[in-house]
*Asks:* 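Can you read through this structure? Questions will come right after.
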There are 2 protein chains.
Amino acid sequence: MSQLPKRPLTLRDVSEACGVSEMTVSRVLRKSGDVSATTRERVLAAAKELGYVPNQIAGSLASQRVNLVAVIIPSLSNMVFPEVLNGINAGLDDTPLQPVVGVTGYRPEKEEQVLYEMLSWRPSGVIIAGLEHSEATRAMLLNAGIPVVEIMDTDGNPVDAMVGISHRQAGRDMAREILREGYERIGFLGTKMPLDHRARKRFEGFTEALAKEGIEIEDRAFYSGGSALLKGREMTRDMLERSPDLDFLYFSNDMIGAGGLLHLLDEGIDVPGQIGLAGFNGVELLAGLPRQLATMDACRREIGEEAAKIILNASSSEPDADLPKTVIMNPTLSVGDTLRRKKRG
Amino acid sequence: MSQLPKRPLTLRDVSEACGVSEMTVSRVLRKSGDVSATTRERVLAAAKELGYVPNQIAGSLASQRVNLVAVIIPSLSNMVFPEVLNGINAGLDDTPLQPVVGVTGYRPEKEEQVLYEMLSWRPSGVIIAGLEHSEATRAMLLNAGIPVVEIMDTDGNPVDAMVGISHRQAGRDMAREILREGYERIGFLGTKMPLDHRARKRFEGFTEALAKEGIEIEDRAFYSGGSALLKGREMTRDMLERSPDLDFLYFSNDMIGAGGLLHLLDEGIDVPGQIGLAGFNGVELLAGLPRQLATMDACRREIGEEAAKIILNASSSEPDADLPKTVIMNPTLSVGDTLRRKKRG
DNA sequence: TTGAAAGCGCTAACAG
DNA sequence: CTGTTAGCGCTTTCAA
């Protein structure tokens, strides 16, 4: 830390400062090969003294190895994705690999562009949300020649590996639970997102399971943008005005579900006696509400960790060929205080 | 898209496929220099046909330019930071620059390590949360020879540029507002985070402004981990048990504030008549609560956008030297429904 | 245990 | 408008 360099320092600078060849300096800094303790100390001291930071660009070009993992997700505004990122971070901690995040805003063309940019850094692997991609995106994924893990959804065929839950199944399970409790006049409230395939699949699974019992959704509403909690309140109010006979509301996420719950409590409506409620995601927030919303855990953190493991394995020197390429997690349904209506034997 | 390459494609492959020199292919792909329309088309067609993705590693090494901006934040779990990231994303959209995010978990040594790794990619700039860093971190920042923007806090001296709000001032402003409304017996509830300097500074500003009026905080409580909303409920309950005379609760963030609000409403306590409440952040969530919590906007998105602008300017070919290196934003205080107690003239 | 040479894939700078 | 030459800063490989 003696001078402020206009030109970034290079190995050569360190080499000259300590009178050891560039090659040996490089070996010390990478802890590779055998270097005598004395020269190592000398090199380390010089590097620290100068404030040398290695140039990974040059290193990666020379070694043809890049310690980056591309992570591509639709959004950061929805807490779901930060939690997956935390899982990936945890899974990659204490390994040489580092996640690099790209955000698509749920737009396929943006996804394509983000992937292209990330691939141009020649990462060691790709973790990407969802199974639905444009043709070009799939082609890039296929041709990249690196491990690819598609996460969060397992209803479809992965390019390479996938880790997630079946949202169709999640929808079906919730529907069955609702019917089992005797609810029959059901409303659905969700996001207006044609490109949120996971929400769509939950909805499809949900209606499918209802249909099997001869039941149809009686009312539905979709929103986009704004405060989810507030939207939940408003939409619930509006829906119950339109369809006062409903005895259950299924929300596509916990945030609007919480809004609905708060509205009903304000109105003094008996939950779950008169109306039952369920959301999706198991967001931590819910713990503080006056009543526990029925919901289903999406295994977000675990998905991130598992995806990281797969990339790690695939890019290790001796990959375990037996490690499964498809991991389907089982979301747990928690009924909370807003779903049970009957006494049960 | 004809074959799946074991070895990633290079410029040379494209060059051979279309019979144009590597240099010209490179120019076409970078849209730099003049290339005849016909050759351009030929090159583009070949590149697409092969599925060529340029190698930025090599490109950056050769051009000595890297279109990456290092962004270093403490956490992704707190919605504050994703919102800042959204601002940065927005500010960098449609520019060649791309953010790369690193997370420190509020730990100085992790911050040091993350910064080191990011600098080893020779980014075009650094955006880093906070003004408090280890000696080594400051040294790296100083010697990196690239624009550095420290964000979210302006109570201190930046290495280079800073964008944010004064948390001390924010604390003072809230204290003054509370006193003006006639509250006098004040409790504080916050996070137990010795390394969250912004929360600490708000607290300091708050107590300082109270002290000026001869008032001291009567009770305080700190938490860590868990659902903030739930913690808010519990801590509020406990504090009012301990100190039933309190007439105001200041929360270090809106989430625990919302928990406190829900608790008080459950108990049928008059808010803001008997007890006033205020939080911090202006989280979108609040809009859906039964009552609007008094709070203060932290200008998260704007901070991100402004920081992006500074990096952009500094790394442009003709930087505007007049662009200020310090941007202090003014958080707006919204009193909501939980602060006003007096009728005012 | 250390060093020298070659080259990773691309682009700056210049020449044609 | 197009091509040639010479590296960018590091690591691989081979030799000492």
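To find a chain, count down the sequence lines: A is the first, B the second, and so on, and within it residues start at 1. Below, all heavy atoms of this structure are taken into account, side chains as well, without hydrogens, waters or symmetry copies. From a predicted model like this one, the values you see are computed outputs, not experimental measurements.
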*Asks:* Looking only at side-chain N and O atoms, does B:N86 offer a donor or acceptor that is under 3.5 Å from a partner on A:S77?
*Replies:*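 There is such a pair (donor and acceptor under 3.5 Å, judged by atom type) between the side chains of A:S77 and B:N86.
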*Asks:* Could you tell me whether the side chains of A:T38 and A:R42 share a donor-acceptor contact shorter than 3.5 Å?
*Replies:*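 Checked: A:T38/A:R42 side chains show no N/O donor-acceptor pair below 3.5 Å.
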*Asks:* To the nearest 0.5 Å, tell me how far B:M140 CE sits from B:Y116 OH.
*Replies:*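 Reported value, rounded in 0.5 Å steps: 8.5 Å.
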*Asks:* Show each protein N/O and nucleotides 7-9 of chain D N/O combination with a separation under 3.5 Å, one pair to a line.
*Replies:*
from, atom 1, to, atom 2, distance (Å)
D:dC8, O3', B:Q64, NE2, 3.1
D:dC8, O2, B:L61, O, 3.4
D:dC8, O2, B:A62, N, 3.1
D:dG9, OP1, B:Q64, NE2, 3.2
D:dG9, N2, A:A58, O, 3.3

*Asks:* Please list, one pair per line, the donor and acceptor atoms closer than 3.5 Å that link side chains of residues 52-59 of chain A to other protein atoms, with sequence neighbours excluded.
*Replies:*
from, atom 1, to, atom 2, distance (Å)
A:N55, OD1, A:I57, N, 2.8
A:N55, OD1, A:A58, N, 3.2
A:Q56, NE2, B:S120, OG, 3.0

*Asks:* Please round to the nearest 0.5 Å and tell me the distance separating atom CD1 of B:I146 and atom CG of B:L141.
*Replies:*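 Rounded to the nearest 0.5 Å, the CD1-CG separation comes out at 8.0 Å.
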*Asks:* D:dT12, OP1 or OP2 - any side-chain N/O from A:R27 closer than 4.0 Å?
*Replies:*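 Answer is no, no contact under 4.0 Å.
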*Asks:* For C:dT11, take OP1 and OP2 only and decide whether either is under 4.0 Å from a side-chain N or O of B:S26.
*Replies:*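 It does, given that an N or O in the side chain of B:S26 lies less than 4.0 Å from OP1 or OP2 of C:dT11.
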*Asks:* Within this structure, what is the CD-OG distance for the pair B:E111 and B:S134, rounded to the nearest 0.5 Å?
*Replies:*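 OG of B:S134 is found 6.5 Å from CD of B:E111.
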*Asks:* Kindly say whether B:I310 contributes a backbone atom to a donor-acceptor pair with the side chain of B:N313 at under 3.5 angstrom?
*Replies:*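 No; zero donor-acceptor contacts below 3.5 Å.
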*Asks:* Please list, by residue number, the residues of residues 30-41 of chain B whose heavy atoms come closer than 4.0 Å to an atom of DNA chain D; answer none if no residue qualifies.
*Replies:*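 Within residues 30-41 of chain B, the residues near DNA chain D are B:D34, B:V35, B:S36, B:T39.
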*Asks:* So, is B:T24 near the phosphate of D:dG3, with a side-chain N or O under 4.0 Å from OP1 or OP2?
*Replies:*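 Checking B:T24 against D:dG3: at least one side-chain N or O falls below 4.0 Å of OP1 or OP2.
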*Asks:* Start at the 5' end of DNA chain D and walk down; is the nucleotide closest to A:R12 or to B:M23 reached first?
*Replies:*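 Upstream on the strand: B:M23.
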*Asks:* I would like to know whether A:E306 and A:K309 meet salt bridge (charged side-chain N to carboxylate O under 4.0 Å, His left out); could you show each step before the answer?
*Replies:* CA-CA 5 Å; A:E306 208 58 39; A:K309 267 192 216 155; 3.5 Å; yes
